[in-house]
Participant: 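First, the structure itself, so that you have it in front of you.
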Amino acid sequence: HLALAKSSALASDDEPTKRLIAFATRARDVDDGAEEEEDDHLREKLLAEFVGTFFLVLTVGVAVHSGGILAPLAIGGMLGIQIYTFASVSGGMFNPAVTLAVLLSGRGKIKPLEAGLYIAVQILAGIIAGLIALGITDESFCFDYALLSNGSWGTSLVLEIIFTMCLCNIVLSSGTSFDAPNQYFGVAIGGSVTAAAIACGGWDQGSFNPAVTIGINIANYAKEGSVGPSGGAWALFIIAPLLGGVVAAGVFRATRAREYLSVKKLEAAGSAHLLREKLLAE
């Protein structure tokens with residue numbers, strides 16, 4: 001229709017009609033260009049999430065089998081490095097629980113479809129990285145609370161939820177709030193993983209990331225003679241981190257009214273509302 005109208009306008013001496021058709025043609029070209037740019041940007045984001053998650057899971061798979069006490073530092077350090085590398089591209093999430101927390105925190109930081117694609121790419125990267133780590137070390141392990149002498153399903157459930165909430169909360173606060181951009185977010189996020197891994201010690205294996213759980217567990221199945229995790233352990237180390245992401249989103253919403261309210265609404269809410277936020281944060 002636009003092409004027909006354009007040809008009719010060119011055949012006409014009606015100058016306003018010619019200008020109208022020219023404007024419509026330019027608008028269509030701009031829209032097409034914007035759609036192509038958005039598609040390119042999404043591909044960049046997904047590739048960034050793939051590479052960042054890949055390095056994180058690969059580091060987990062290799063560092064754990066090194067037998068050193070510095071594995072938590074290596075894992076947290078690699079996470080921080082990848083965040084500094086790709087945060088400006090995709091947000092540097094590298095974790096389905098973090099992606100869920102950002103989605104549930106609202107503010108249009110990520111769309112539901114985009115979040116779903118992030119999670120799919122993160123899991124794929126985790127599986128590939130886990131298999132490569134197996135090929136490098138010829139060793140494997142799995143996430144199963146039954147493997148720890150001091151652990152239990154209840155202990156792992158609580159620790160996975162709490163410390164994943166800690167991780168997701170620092171991502172939301174330092175990486176997506178009015179506090180961003182800043183220079184410390186990568187160190188803070190990576191440091192939260194290191195601190196959580198050290199704190200959990202012999203009580204929990206410390207996944208805090210469904211992509212890590214899936215990647216390492218599937219690689220474990222590929223190891224001849226290995227024993228896989230129980231069905232309950234599979235569910236726990238996937239669902240518990242996701243629940244931690246949900247809790248983190250709730251805490252963020254409860255302590256960050258400034259992220260959601262206009263200046264006038266904040267003034268109307270008064271100091272009592274802000275005091276509740278401060279007390280919850282404390």
Participant: Strictly distance-based, threshold 3.5 Å: is any side-chain N or O of Asn182 a donor or acceptor partner for the main-chain N or O of Ser174?
Facilitator: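 At least one qualifying donor-acceptor pair exists.
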Participant: Parallel, tilted or perpendicular, judged at 30° and 60°: which one describes the rings of Phe141 and His65?
Facilitator: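 Aromatic pair Phe141/His65 classed perpendicular.
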Participant: Can you list the steps and then say if Asp179 with Arg258 is a salt bridge (Lys or Arg N to Asp or Glu O under 4.0 Å)?
Facilitator: CA-CA 11 Å; Asp179 295 344; Arg258 295 174 181 82; over 6 Å; no
Participant: Pairs in or reaching into residues 46-63: which pass side-chain hydrogen bond (donor to acceptor under 3.5 Å, both in side chains), with residues at least two apart or in two chains?
Facilitator: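 Residue pairs with at least one partner in residues 46-63: Glu49-Ser90, Glu49-Gln122.
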Participant: Would you please classify the geometry between the Tyr221 ring and the Trp234 ring as parallel, tilted or perpendicular, with 30° and 60° separating the classes?
Facilitator: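 Plane angle under 30°, so parallel.
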Participant: Specify the closest pair of heavy atoms between Trp203 and Asn150, including all atoms of both residues, with the distance to one decimal.
Facilitator: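 Looking at all heavy atoms of both residues, the closest pair is CE3-O, 3.3 Å.
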Participant: Provide the closest heavy-atom pair for Gly61 versus Thr137 in the form atom of the first, atom of the second, distance.
Facilitator: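 Distance-wise, the nearest heavy atoms are O-CG2, 4.4 Å.
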Participant: Quick one: salt bridge (Lys or Arg N to Asp or Glu O under 4.0 Å) partners of Glu259, sequence neighbours excluded?
Facilitator: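 Salt bridge (Lys or Arg N to Asp or Glu O under 4.0 Å) list for Glu259, sorted by chain: Arg107.
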Participant: Assess the side chains of Ser207 and Thr213: does a donor N or O sit below 3.5 Å from an acceptor N or O?
Facilitator: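 Their side chains do contain a donor-acceptor pair, which is all the 3.5 Å distance test asks for.
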Participant: Which pair of heavy atoms, one from Trp153 and one from Leu236, lies closest together, and at what distance?
Facilitator: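 Closest pair (atom of Trp153, atom of Leu236, distance): O-CD1, 3.2 Å.
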Participant: Give, for atom CE of Met93 and atom NZ of Lys45, the distance between the pair rounded to the nearest 0.5 Å.
Facilitator: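 Spacing of CE (Met93) from NZ (Lys45) equals 8.0 Å.
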Participant: Please tell me whether Phe185 and Tyr84 form a close aromatic pair, meaning their ring centres lie under 6.0 Å apart.
Facilitator: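 Centroid distance Phe185-Tyr84: below 6.0 Å, so yes.
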